[in-house]
**Q** 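Structure incoming, see below.
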Number of protein chains: 2
Amino acid sequence: MKKGSARPYHHGNLRAEVLRQAEAALDTVGYQNLSLRELSRALGVSHAAPRRHFADKEALLDALACNGYERLHDKMAAVVKDQKQPFETALLKLGRAYVGFATSHVALMDLMLTRKHDEQASAELRQKAAAVYGLPIEWVARAQAAGLVVPGDPMRLALAAIAAVQGLIVISNKGKIAGIPVEVLVEEVLERIIFGLRPR
Amino acid sequence: MKKGSARPYHHGNLRAEVLRQAEAALDTVGYQNLSLRELSRALGVSHAAPRRHFADKEALLDALACNGYERLHDKMAAVVKDQKQPFETALLKLGRAYVGFATSHVALMDLMLTRKHDEQASAELRQKAAAVYGLPIEWVARAQAAGLVVPGDPMRLALAAIAAVQGLIVISNKGKIAGIPVEVLVEEVLERIIFGLRPR
DNA sequence: ACCTGAACACCGTTCAAGT
DNA sequence: ACCTGAACACCGTTCAAGT
């Protein structure tokens, strides 16, 4: 193989390539240990090249998290596309989708949660994260309109369900709690919470 | 040579000093950006000195997290010391204590949660974390014995409450969700979950 | 416009040597 | 036993220069 002849000077799609490579590395090294220099090396590019597309490491992490929230939202929105399914079904499906994403993208989810609270998080990231949490809130509001859920601020009512699902993921280790898969536990927990939301 | 001096070089008990300095730095820089060299500098000690007491940076973080779980457990155990208080009261107090600790030690809590899942986390850390989660489980078991909670595995029943409290903390930003203090929300959420645990 | 390569100021970790 | 100081192999970031 001839040195230097393997790649054109202008990579052409470096931004996308860096993101792809970074996410691939995420699950093996964790987001803490992502190295811009190592990513550049893996892509056969100088260590300063990514700078053209990401102002700094934070910007790359932000873009990764943003992309994650986008995919998570798409996945969740898809399972509640059918507006005619029962409220309980929709909420369970949303929980399952969230948990499914979290367990299959552990490091990415970790990054997403961490960056969402960062002072310097982009407005885009905040907006994409809010869209995810908006889905269950919307369904609670819908259920209220149908008289299936006690009256009150839909956001505050949905919070028990959202927090529980989020908490299960945080507490869990490699998708399990005390040996039981989170996929199983999320059903139990959500059913109990749905019961607690019923008009008395 | 018999020494009257309590400190061999610079510090008598470097281990304790490093831990203290590290926790002080935690809330200003976040656990991600803790630097052993900077801690050493602040303590007026060589950058290699802490190594005598902490095998590596992970060991220091592990010790910090361990210490955190110990204090959290003490705080939670104290509020349920009175074995005669009602089940609901005890669970609410446990939730408040957990949230109170988390909101007043944001960076430390972040570290504790992260390290608990780490492959290389010490057995001591795991045990101390488990003790914390054992407290609400114990109270669910107690309530079951009194016929106040539906039958079933106490751990799985307590999980909705534990997960919800944990989730509120993770979702929250600087102790608030949508502008509402987590201290307020945790009461609402726990009351709803307690309702869901009642025998039907 | 996009990328390189040297330079700078930091890290964590190791280790022979000092006290 | 406890700590130092130099050394090593990494970082992220900056910037003049190349294509």
Side-chain angles (χ1 to χ4, degrees), chain A residues 2-22 25-26 28-65 107 111 114-115 118-122, chain B residues 1-22 25-26 28-65 107 111 114-115 118-121:
Chain A
K2 291 180 284 182
K3 286 183 183 177
S5 64
R7 88 186 131 80
Y9 182 82
H10 287 273
H11 197 284
N13 203 14
L14 188 55
R15 194 193 135 92
E17 287 291 306
V18 169
L19 278 175
R20 195 188 50 71
Q21 189 75 25
L26 256 189
T28 65
V29 302
Y31 80 91
Q32 322 262 7
N33 305 324
L34 267 192
S35 157
L36 285 179
R37 286 180 105 109
E38 187 152 323
L39 291 176
S40 301
R41 243 177 272 130
L43 291 170
V45 109
S46 98
H47 64 262
R51 168 120 337 206
R52 184 93 342 209
H53 304 98
F54 303 99
D56 54 14
K57 198 180 176 182
E58 305 271 292
L60 169 59
L61 294 178
D62 202 281
L64 276 173
L111 169 63
T114 303
R115 281 225 70 69
D118 208 289
E119 295 275 337
Q120 321 172 20
S122 66
Chain B
M1 177 195 71
K2 185 84 174 115
K3 62 278 173 200
S5 156
R7 9 187 289 180
Y9 273 65
H10 286 88
H11 289 86
N13 193 354
L14 188 55
R15 195 192 134 90
E17 287 291 307
V18 169
L19 279 175
R20 195 189 51 72
Q21 189 76 25
L26 256 189
T28 65
V29 301
Y31 81 91
Q32 323 261 8
N33 305 325
L34 267 191
S35 156
L36 286 180
R37 287 179 105 110
E38 189 152 323
L39 291 176
S40 302
R41 242 178 273 129
L43 291 169
V45 111
S46 98
H47 65 263
R51 168 123 333 211
R52 189 87 333 191
H53 305 96
F54 303 99
D56 54 13
K57 198 181 177 180
E58 306 271 291
L60 169 59
L61 294 178
D62 202 281
L64 275 173
L111 169 63
T114 302
R115 283 226 67 70
D118 208 288
E119 294 274 336
Q120 319 170 20

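Numbered from 1 within each chain, the chains take letters A, B, ... in sequence-line order. Just so it is clear, the values below take in all heavy atoms, side chains as well, and ignore hydrogens, waters and symmetry mates.
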**Q** Please tell me which of the listed nucleotides, D:dT13, D:dT4, C:dT13, lies nearest to the side chain of B:His47?
**A**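 Output: C:dT13.
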
**Q** Without decimals, in angstroms, what is the distance between B:Asn33 CG and D:dG12 P?
**A**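 In whole Å, D:dG12 P and B:Asn33 CG are 13 Å from each other.
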
**Q** Just to verify, which of B:Gln21, B:Arg20, B:Glu17 counts as forming a side chain to side chain contact (heavy atoms under 4.5 Å, CB included) with B:Leu39?
**A**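 Per the side chain to side chain contact (heavy atoms under 4.5 Å, CB included) rule, the option paired with B:Leu39 is B:Gln21, out of B:Gln21, B:Arg20, B:Glu17.
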
**Q** Whole Å only: how far is the CZ atom of B:Arg37 from the C1' atom of C:dT14?
**A**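 For the pair B:Arg37 CZ and C:dT14 C1', the rounded distance is 11 Å.
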
**Q** Apply side chain to side chain contact (heavy atoms under 4.5 Å, CB included) to residues B:Glu58 and B:Asp118 and explain how you reach the verdict.
**A** CA-CA 10 Å; B:Glu58 306 271 291; B:Asp118 208 288; 4.3 Å; yes

**Q** Could you tell me whether the phosphate oxygens of D:dG12, OP1 or OP2, come under 4.0 Å of any side-chain nitrogen or oxygen in A:Ser35?
**A**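 Yes, such a contact exists.
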
**Q** What integer distance in Å separates B:Leu39:CG from C:dC10:C1'?
**A**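 So the CG-C1' distance, B:Leu39 to C:dC10, works out to 15 Å.
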
**Q** Roughly, in whole Å, what's the span from CZ in B:Arg51 to P in D:dC8?
**A**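 Those two atoms, CZ and P, are 18 Å apart.
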
**Q** Under a 3.5 Å cut-off for both contacts, is C:dC10 paired Watson-Crick or G-U wobble with anything, and if yes, with which nucleotide?
**A**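 WC or wobble partner does not exist here.
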
**Q** Checking base pairs now: Watson-Crick or wobble, both atom distances under 3.5 Å. What partners C:dG5?
**A**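 Here C:dG5 is engaged in a pair, and the nucleotide opposite it is D:dC15.
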
**Q** Output yes when at least one side-chain N/O atom of B:Arg41 is less than 4.0 Å from OP1 or OP2 of C:dC11, else no.
**A**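 Yes, such a contact exists.
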
**Q** Roughly, in whole Å, what's the span from CG in A:Leu60 to P in D:dG12?
**A**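 Value for this atom pair: 10 Å.
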
**Q** For A:Ala48 and A:Glu38, find the nucleotide of DNA chain D closest to each by heavy atoms; which residue's nucleotide sits nearer the 5' end?
**A**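 Looking at DNA chain D, the more 5' nearest nucleotide goes with A:Glu38.
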
**Q** For the pair made of CD in B:Gln32 and P in D:dC11, what is the distance, rounded to whole Å?
**A**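 The distance from CD of B:Gln32 to P of D:dC11 comes to 18 Å, rounded to the nearest Å.
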
**Q** Find the distance B:His53:NE2 to D:dA1:C1' and express it as a whole number of Å.
**A**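 Interatomic distance, NE2 of B:His53 to C1' of D:dA1: 9 Å.
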
**Q** Supply the atom-to-atom distance B:Leu60 CG to B:Leu64 CG, rounded to the nearest 0.5 angstrom.
**A**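 It is 5.0 Å, given to the nearest 0.5 Å.
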
**Q** A:Arg52 has an atom CZ; how far is it from atom C1' of D:dT13, in whole Å?
**A**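 Interatomic distance, CZ of A:Arg52 to C1' of D:dT13: 14 Å.
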
**Q** Within the side chain of B:Arg41, is there an N or O that forms a donor-acceptor pair under 3.5 Å with the backbone of B:Val45?
**A**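 Flag not set: sc B:Arg41 to bb B:Val45 has no pair under 3.5 Å.
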
**Q** Side chain of B:Leu36: nearest nucleotide among C:dC3, D:dG12, C:dG12?
**A**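 The listed nucleotide nearest to B:Leu36's side chain is C:dG12.
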
**Q** In Å, rounded to the nearest 0.5 Å, how long is the span from CG of B:Asp62 to CD of B:Gln120?
**A**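 It is 9.5 Å, given to the nearest 0.5 Å.
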
